[in-house]
Amino acid sequence: MFLFTYLNSLSKTPQKLKKRMLATWTPDQELNKVRLRSGADMKRKLTWYDLVALGVGGMLGVGVFVTTGPVARKTSGPSVFISYIIAAVSALLSSLCYTEFSVDVPVAGGAFSYLRVTFGEFVGYFAGANILMEYVLSNAAVSRSFTEYLSCAFGRNDPNSWRIHVHGLMQGYNMLDFPAVTLIIVLTICLCHSTKESSMLNLIMTAFHVVFFGFIIIAGFCNGKVENLVKPGGIAPYGVRGILDGAAIVYFSYIGYDTVSTMAEEIKNPSKTLPLGIVGSVLIVSALYCLMALSLCLLLPYNMIPEGASFSAVFELMGWKWASNVVGAGASVGIVASLLVAMLGQARYLCVIGRARLVPSWFAKVHPTTGTPLNATIVLGICQASIALFTELDIVIEMISIGTLLVFYLVSNALIFRRYVILSKNPPLHTLLFLFLLSSTSFAFSLSWKFKLHWWNLMLFAGLTFSTTVIFQYFVPMIIMERQESWLVPFMPWPATISIFLNVFLMTTLKMVAYKRFGIWACVITIFYVLYGVHSTYHAEEILEMIVVDNVNANSSTQQQFNKVDIQLV
């Protein structure tokens, strides 16, 4: 019987896709009707400093320790700190786009909700599924890095010293990492218990981590030499290309601020707290990263900086062997804080996707006592632990970043579309044409840079990008209707335009294997949407429409009865 019903439903897929793929929700519907599907509300306990700590904790992970040394030695030279500044500008522009959406649509769905209210159900689902995949894979990878740094803190130089080698398993899956699994289980239990307590734990660890960063920065500035920045080869030995290529690599150290937007349902006064939390955390992390990179290049000439465990190795070369253990301990704490924040955000994403009925509604349930998405947290914790137990970092690292950059790119496009079409009531054709031309010229510029074509190609496509934006801004009017509970990105459309350009540029720097694996994942989630998601949402909205019609009929019937009573009394 069930199979017959499903096959019958499957035969109507084209009609359902036509109705649901581009179906949008209003912010009011996201805030009220959809949120009620979780059964209980998340508890609003977080303040602005909780958000700043979550943002800082989410970004201050292992990235800066892994990327700074290799980029300084092989890509940017001493100007690696300039690469961090350029990457910070890109992250800040993307964060501004997130901030406007998060204030206007303060729900736990983050990019999924923003894109669903702008471009429709399928684009929102596609973005949400991709960023969820990024969270699970990156968290599994980071938890394995925790084992390596913790063993370093105890004086073990072999990264596999705390792992168990199992003969008979495939290479890359044969080093079992039980410390990583234990860490994920402990953090999952913490997150199931309470968001506020988890936030306090993150606040303590982040404060310790910032102090640890301060130790490295002060050590570099007090013991380093300015001449190391200019010898040998000057401050930019690899030229402007080296600085920009370095920015593409170190940019991934900033990923994590988007988690703050998923806390929107648990924040007191979202319209004021969210901008402080998102933008403030990006600015703090940018300053720390730039100072960290500068201090490393002050300590040693760039061509002498070791590529592996750079900070630990530099201190060891200085004769500070004890500092290597301190770096290992500090990095371990930073990884725990980063992992805690990422796991906090991923559960909110899955919860809101469950509310939309794109995955089983069981994932949308919020526990009435703890106010946390319990089911989503536990299931994702199990998935992460399973991957972290077997899978080496190199296997999952290629897919990390491409999905995140794609989502950042889509959010920037959505902000322009929302401002100029939905809010300003302009015809969509002009804005869609602009977004297409902007993406095309950005892609052409990025490929010209990647394949080192003649400089006039770069000038041509950069000029086309600039002139297209100027023409769009001049001919397409933007009507700003500020509301009391709003926060608007200034100087539109330029911040979103630059964000689109930079995200396209950064995506073209990734390896081809990342695109192949991304293509497989895109096919899987699209098939799932066609076979399950569209039918589930269609059914849910059909039921909702029936309830609305019944309520209207009931109200109409009641009104008629009142009218009859009035006639009898007369």
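FYI, side chains are in, hydrogens and waters are out, and symmetry mates aren't considered; it's all heavy atoms of this structure. In this chain, numbering begins with 1 at the start of the sequence shown.
- Shown here is F466, whose CZ atom has no more than 12 heavy atoms of other residues, nucleotides or ligands within 6.0 Å.
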List the steps, then state whether side-chain contact (heavy atoms from CB on, under 4.5 Å) holds for S286 with L283. CA-CA 5 Å; S286 300; L283 291 174; 5.5 Å; no
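- Here the straight-line distance linking atom CD1 of I498 with atom OG1 of T469 works out to 8.5 Å at 0.5 Å rounding.
- For the side-chain contact (heavy atoms from CB on, under 4.5 Å) criterion with T497, the lone passing option out of N413, I416, T468 is I416.
- The distance between the ring centers of Y420 and F472 falls below 6.0 angstrom.
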List the steps and the verdict of salt bridge (Lys or Arg N to Asp or Glu O under 4.0 Å) for R418 and E100. CA-CA 11 Å; R418 182 168 176 78; E100 180 170 330; 6.0 Å; no
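- With S424 contributing its side chain and R419 its backbone, the two residues share a donor-acceptor pair below 3.5 Å.
- T377 meets the side-chain hydrogen bond (donor to acceptor under 3.5 Å, both in side chains) test with no other residue; sequence neighbours excluded.
- A donor-acceptor pair under 3.5 Å links the side-chain atoms of S281 to the main chain of G277, judged by distance alone.
- Between M343 and I184 the shortest heavy-atom distance is CE-O, 3.8 Å.
- Inspection of the E121 and T537 side chains reveals an N or O donor paired with an N or O acceptor under 3.5 Å.
- Here the CD1-OG1 distance, from I335 to T147, works out to 9.0 Å after rounding to the nearest 0.5 Å.
- The two residues A414 and L115 come nearest to each other via the heavy atoms CB-CD2, 3.6 Å.
- Nearest heavy atoms, L339 versus S143: CD2-CB, 4.0 Å.
- A donor-acceptor pair under 3.5 Å links the side-chain atoms of R348 to the main chain of L344, judged by distance alone.
- In this structure, S412 contributes its side chain and S499 its backbone to no donor-acceptor pair below 3.5 Å.
- Under the 30°/60° scheme for interplanar angles, the aromatic rings of F126 and F518 are found to stand perpendicular.
- With rounding to the nearest 0.5 angstrom, the CZ atom of F101 is 13.0 Å from the CG atom of L96.
- The line from CD1 of I243 to OG of S79 is 4.0 Å long, rounded to the nearest 0.5 Å.
- Around CG of L22, the count of heavy atoms belonging to other residues, nucleotides or ligands within 6.0 Å does not exceed 12.
- Ring geometry, Y135 versus Y349: the interplanar angle falls from 30° to 60°, so the pair is classed tilted.
- At least one side-chain heavy atom of V359 sits under 4.5 Å from a side-chain heavy atom of F528.
- The closest side-chain heavy-atom distance from I216 to M292 is below 4.5 Å.
- From L506, atom CG reaches atom CZ of F501 across 10.0 Å, with rounding to the nearest 0.5 Å.
- Closest approach of A247 and A87 over heavy atoms only: O-CB, 3.7 Å.
- Atom CG of residue L187 and atom CG of residue L191 lie 6.5 Å apart, to the nearest 0.5 angstrom.
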I'd like to know whether Y409 forms a side-chain contact (heavy atoms from CB on, under 4.5 Å) with I500, so could you lay out the CA-CA distance, the side-chain angles of the two residues, the decisive distance to 0.1 Å, and finally the verdict. CA-CA 5 Å; Y409 162 81; I500 290 169; 3.6 Å; yes
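- Around CZ of F443, the count of heavy atoms belonging to other residues, nucleotides or ligands within 6.0 Å does not exceed 12.
- Applying the 6.0 Å contact sphere to CZ of F436 captures no more than 12 heavy atoms from other residues, nucleotides or ligands.
- Side-chain contact between L415 and V411: absent, with no pair of heavy atoms (C-beta onward) separated by less than 4.5 Å.
- Taking 4.5 Å as the limit, some side-chain heavy atom of V336 sits within range of a side-chain heavy atom of L183.
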What do the steps show when you test M133 against L137 for side-chain contact (heavy atoms from CB on, under 4.5 Å), and what is the final call? CA-CA 6 Å; M133 177 268 294; L137 291 182; 3.4 Å; yes
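- Looking at Y114 and S102, their side chains come closer than 4.5 Å, going by heavy atoms from C-beta outward.
- Nearest approach of W494 to Q473, heavy atoms of both residues: NE1-OE1, 2.9 Å.
- The backbone N or O of W362 sits less than 3.5 Å from a side-chain atom of N375, completing a donor-acceptor pair.
- With hydrogens and angles left out, the side-chain atoms of S90 and Y254 include no donor and acceptor closer than 3.5 Å.
- Residues I382 and T188 have side chains not in contact (no heavy-atom distance under 4.5 Å, counting atoms from C-beta outward).
- The minimum heavy-atom distance between V181 and A385, with the atom names listed, is CG2-O, 3.6 Å.
- You'll find the side chain of F363 reaches within 4.5 Å of the side chain of V379, heavy atoms only.
- Partner N503 forms a side-chain contact (heavy atoms from CB on, under 4.5 Å) with one of L405, L406, L410 and no other, that one being L405.
- With hydrogens and angles ignored, the 3.5 Å screen pairs no side-chain donor or acceptor of S361 with any backbone N or O of R357.
- Between the side chains of Q346 and Q384, a donor-acceptor pair is found at a separation under 3.5 Å.
- Under the 4.5 Å side-chain criterion, counting only non-hydrogen atoms from C-beta, S76 is not in contact with I82.
- Using modelled atom types, one finds a donor on one side chain and an acceptor on the other under 3.5 Å when comparing T68 with Y84.
- Side-chain atoms of R20 never come within 3.5 Å of backbone atoms of V534 as a donor-acceptor pair (strictly under, hydrogens ignored).
- Put simply, the side chain of S332 gets close to the backbone of L150: a donor and an acceptor are under 3.5 Å apart.
- The main-chain N or O of G533 is never found under 3.5 Å from a side-chain atom of S536 such that the two would form a donor-acceptor pair.
- Aromatic ring pairs are classed by plane angle as parallel below 30°, tilted from 30° to 60° and perpendicular above 60°; the pair F122 and Y125 is tilted.
- Aromatic pair Y98/F408: centroids less than 6.0 angstrom apart.
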Residues F417, L432; criterion side-chain contact (heavy atoms from CB on, under 4.5 Å); working and verdict: CA-CA 8 Å; F417 188 86; L432 290 173; 3.8 Å; yes
